[in-house]
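Notes follow the structure.
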2 protein chains.
Amino acid sequence: MAEDRRPYRRESQEQRREALIAAALELLAEGGPQAATVRAIADRAGITAGLIRHYFQSKDDLTRAAYAALMDRMTSESLAATESASDDPAARLAAFVAVSLRPPVMDGERVRLWAGFLHHVRRDPMMREVHEATYLGYRDRLQALIQALPGKADPATARALSIACNAVIDGLWLEGGTLPDSFAAGEVERIGLSAISAILKTPLPLPPPAPNSAEVP
Amino acid sequence: MAEDRRPYRRESQEQRREALIAAALELLAEGGPQAATVRAIADRAGITAGLIRHYFQSKDDLTRAAYAALMDRMTSESLAATESASDDPAARLAAFVAVSLRPPVMDGERVRLWAGFLHHVRRDPMMREVHEATYLGYRDRLQALIQALPGKADPATARALSIACNAVIDGLWLEGGTLPDSFAAGEVERIGLSAISAILKTPLPLPPPAPNSAEVP
DNA sequence: CTCCTTATTATACGATTGTATAATTAAGCA
DNA sequence: TGCTTAATTATACAATCGTATAATAAGGAG
């Protein structure tokens, strides 16, 4: 009869939502869609399963929020790289490229996380919108950096160049993330910079090396 | 009492396995992992669910076979492109690149299919092996084509160049497949060829246009 | 201190999952 | 033709899924 009911603390709506989103992204990254069940998500977020639906209308609703949060994080990570760089357009571009080709952006779990959302993105119009906006926003940022280079001001050719450079980044991000053992340390970054330099026919400076142990999850 | 048992025909093991693999790939491409249930797969293959385990030890076993079949198809599609091309090394390379950047290789469902397997690949050692072998095989093929170009015989630099060119192809394949409306007809192919031409510092001829309506699913 | 709101836990429910097994029947062989 | 085998269907089962609802208690208001 002595019922042991789990003790708990009340938290703000914002904290609970963030915890649930973080838990969902972690599980999705580690084990794919099948691992991110409502019970597993709630468990990792430190609550019981029933509470999820107190903060999200449905699991799909939580999935949408998690996807939006992921895309937000990825774009902000890239943008931060250019702001901390110098004023030289070539250096800014190099920093922008480099940050995408090393951890935590270039990472196997990140790639798998992104891949796991693809099918949701196809069906859900809201997620599709976020996907397109994120991709085009990233590419526009790249195009702006390219147009800032000397002699690359023409928008029409800059568009084609930004698509090509974006492809180099995405392709290397994919391969470096999924097959990390196939590349030497820093090789992906180096190849990416020289390829983009060749595409743009513009020399690029070597960006500063990654901070050794700045980000520990 | 008059039991209406579904009529059936006995088929060869090979035919049944192929039908099951094809059905699994179709469902995986259309609706992702959650859509490819054993019942749905059996239904599309024209049999009842119980029979799956007569030809595959488990669903994971079928998944493995389906992945191997997919990778096999993708590599053979790419290899076929170079064999039908002329003897000119640059033309062969251009044909190899072009076939990867237009349907049926560059296709949204194909990308989602590939992405859906990523988490399986991570866990299953057999699938991981197939994945690495396919990727490295494709890249080796690309490297061989590059080394055949005049003045590109050095293996060390050809390796870096093939990684870069492969990234261009993969990135454009990804973006063209997932965001087909963001590109004009033939634009992806054109951008890919000129980017690779710039990376290799070698002019590439325009490959023959895709046959208009050769492949109708 | 007491009451009241509601965040939270606990439990239940129907649907669906992969798997296992029994019941049938198609088709080759004597 | 009749027999035999195993390919195939049909059914059952435990586990787990997302969701819904009732019971409980945390924490601020008065």
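In what follows, chains are A, B, ... by sequence order, proteins preceding strands, each numbered from 1. Computation of the quantities below employed the complete heavy-atom set of this structure, encompassing side-chain atoms and omitting hydrogens, waters and symmetry-equivalent molecules. Computed from a predicted structure; not experimentally measured.
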| task | List in numerical order all residues of residues 41-62 of chain B for which some heavy atom is under 4.0 Å away from an atom belonging to DNA chain C. | result |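 Those residues are B:R53, B:S58, B:K59.
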| Tell me, which of residues 9-36 of chain A have any heavy atom that sits under 4.0 Å from an atom in DNA chain D? |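 Those residues are A:R9, A:R10.
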| query | To the nearest angstrom, how far is B:R39 atom CZ from D:dC13 atom P? | reply |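 These atoms are roughly 14 Å apart.
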| query | Where do A:T75 and A:R141 land on the side-chain hydrogen bond (donor to acceptor under 3.5 Å, both in side chains) test, with the steps shown first? | reply | CA-CA 10 Å; A:T75 54; A:R141 182 74 187 165; over 6 Å; no
| query | Between the side chains of A:R139 and B:S182, is a donor N or O closer than 3.5 angstrom to an acceptor N or O? | reply |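 A:R139 vs B:S182: no donor-acceptor pair found between side chains.
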| task | Could you list all the ring pair (Phe, Tyr, Trp, His ring centres under 6.0 Å) pairs where at least one residue sits in residues 118-148 of chain A, not counting sequence neighbours? | result |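 Sorted pair list: A:F96-A:Y138.
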| message | Once rounded to the nearest 0.5 Å, what's the spacing between atom CG of B:L142 and atom CD1 of B:I196? | response |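 Going from CG on B:L142 over to CD1 on B:I196, the span is 6.5 Å.
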| request: Using a cut-off of 6.0 Å, state whether more than 12 heavy atoms not belonging to A:Q34 lie near its atom CD. | output: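 Incorrect, the count does not exceed 12.
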| said: Between A:R73 and A:E77, does any NZ, NE, NH1 or NH2 come within less than 4.0 Å of an OD or OE carboxylate oxygen? | reply: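 Answer for the salt bridge query: no.
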| field | Exercise: identify the closest heavy-atom pair between B:A81 and B:V99 | value |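 Looking at all heavy atoms of both residues, the shortest contact is CB-CG1, 3.5 Å.
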| query | Can you name the one residue among B:Q15, B:E14, B:Q13 that meets side-chain contact (heavy atoms from CB on, under 4.5 Å) with B:R17? | reply |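 Only one of B:Q15, B:E14, B:Q13 forms a side-chain contact (heavy atoms from CB on, under 4.5 Å) with B:R17, namely B:Q13.
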| Phosphate contact (D:dT9 OP1 or OP2) by B:R6 side-chain N/O below 4.0 Å |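 The answer is yes; a side-chain N or O of B:R6 sits under 4.0 Å from OP1 or OP2.
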